[in-house]
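Values in this document were obtained by computation on a predicted structure and should not be read as measured data. When a ligand or atom number is given, it counts from 1 through the structure's own listing order.
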Amino acid sequence: MKRIAIDMDEVIADANFRFAEWYTRDHGIEFTHEQLNSKRFSDLLQDDHKYLIKEYVYHDDFFKDLPVMPGCQEVIKDLYDKYEIFITTAAMEFPNSLLPKLDWLGKHFPYISWTNIVFCGDKSIINADYLIDDNVKHFKRFIGQGVLFTASHNHDVVWDVRVNTWDDVRKLLL
Ligand SMILES: [Mg+2]
């Protein structure tokens, strides 16, 4: 079986939602879907609020109960029959995310064993045929094919294999 490594934030877990949710809570400002999808979240904020990004992401509750990205549960379930599936997340950057991420995976992807969950830093250590990720930096030294998952921050990035939705992943890999 070929192996697929799948990132979490902005690929299967909607971390952008949490930024928007907390910013609305703290400052009463709501962004439209179009705004959230077109720009990196920090670019939507006024300069003296940009520090909030770090404050939020290092908060213990940031990664708790994030929404699941549309379609990924169905597609990953189908991929699971044909590929070895690994969840690979650079979680070491945010030690506060470790337990919430593990809980989240257990809740939404209960059939993915702990043996196939990789909390890491540099993803070049990952040995897989595909890596689905929203950040091209992880493809630079990756041995397989990087599949760029479109996110608000990567519209301008040039990469040969890009998917916009989980339906695109289905078309590409199933
Ligand atoms: Mg990501």
Side-chain angles (χ1 to χ4, degrees), residues 3-23 31 33 36-44 52-59 61-73 75-76 79 83 85-109 112 116-170 172-173:
R3 278 184 173 171
I4 305 177
I6 303 172
D7 176 38
M8 287 184 75
D9 297 316
E10 299 311 302
V11 174
I12 61 172
D14 190 353
N16 234 10
F17 165 88
R18 180 63 24 92
F19 282 124
E21 180 191 41
W22 284 9
Y23 191 66
F31 296 111
H33 266 287
L36 290 170
N37 290 334
S38 63
K39 281 187 179 178
R40 158 190 310 271
F41 191 75
S42 61
D43 293 339
L44 294 169
L52 285 168
I53 299 284
K54 271 204 170 161
E55 201 174 287
Y56 286 172
V57 87
Y58 284 103
H59 190 284
D61 292 337
F62 183 83
F63 294 91
K64 217 169 147 183
D65 301 326
L66 292 180
V68 181
M69 297 289 272
C72 74
Q73 281 171 301
V75 176
I76 290 172
L79 289 170
Y83 296 88
I85 300 294
F86 284 81
I87 302 297
T88 58
T89 173
M92 299 318 294
E93 188 178 2
F94 307 110
N96 55 310
S97 76
L98 299 177
L99 214 47
K101 278 180 182 236
L102 197 56
D103 287 345
W104 189 93
L105 288 166
K107 186 173 171 190
H108 300 292
F109 297 90
I112 297 180
N116 289 41
I117 296 172
V118 182
F119 286 176
C120 63
D122 184 339
K123 293 191 189 179
S124 67
I125 194 70
I126 305 297
N127 178 5
D129 297 283
Y130 302 96
L131 169 60
I132 305 173
D133 207 296
D134 62 309
N135 209 323
V136 282
K137 78 174 179 197
H138 295 303
F139 301 153
K140 297 285 155 69
R141 295 192 299 136
F142 174 63
I143 55 160
Q145 173 66 58
V147 176
L148 183 63
F149 199 93
T150 295
S152 56
H153 63 84
N154 69 24
H155 290 300
D156 299 333
V157 173
V158 177
W159 189 256
D160 54 346
V161 182
R162 176 189 278 272
V163 289
N164 294 316
T165 62
W166 274 93
D167 213 39
D168 287 352
V169 175
R170 178 187 290 285
L172 182 71
L173 295 171

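- Asp122 and Ser124 form a side-chain donor-acceptor contact under 3.5 Å, judged by distance and modelled atom types alone.
- When Phe19, Phe17, Trp104, Tyr56 are each tested for a ring-ring contact (aromatic ring centres under 6.0 Å, His included) with Phe62, only one passes: Phe19.
- When Asn116, Ile12, Ile112 are each tested for a side chain to side chain contact (heavy atoms under 4.5 Å, CB included) with Leu105, only one passes: Ile12.
- For the Mg ion (ligand 1), the count of nearby protein N/O/S atoms, taking only those under 2.8 Å, is 3.
- Distance CG/Leu99 to CZ/Phe63: 13.0 Å, rounded to 0.5 Å.
- Residues forming a ring-ring contact (aromatic ring centres under 6.0 Å, His included) with Phe142 (at least two apart in sequence, or on another chain): none.
- The local environment of CD1 in Ile125 is sparse, with at most 12 non-hydrogen atoms from other residues, nucleotides or ligands closer than 6.0 Å.
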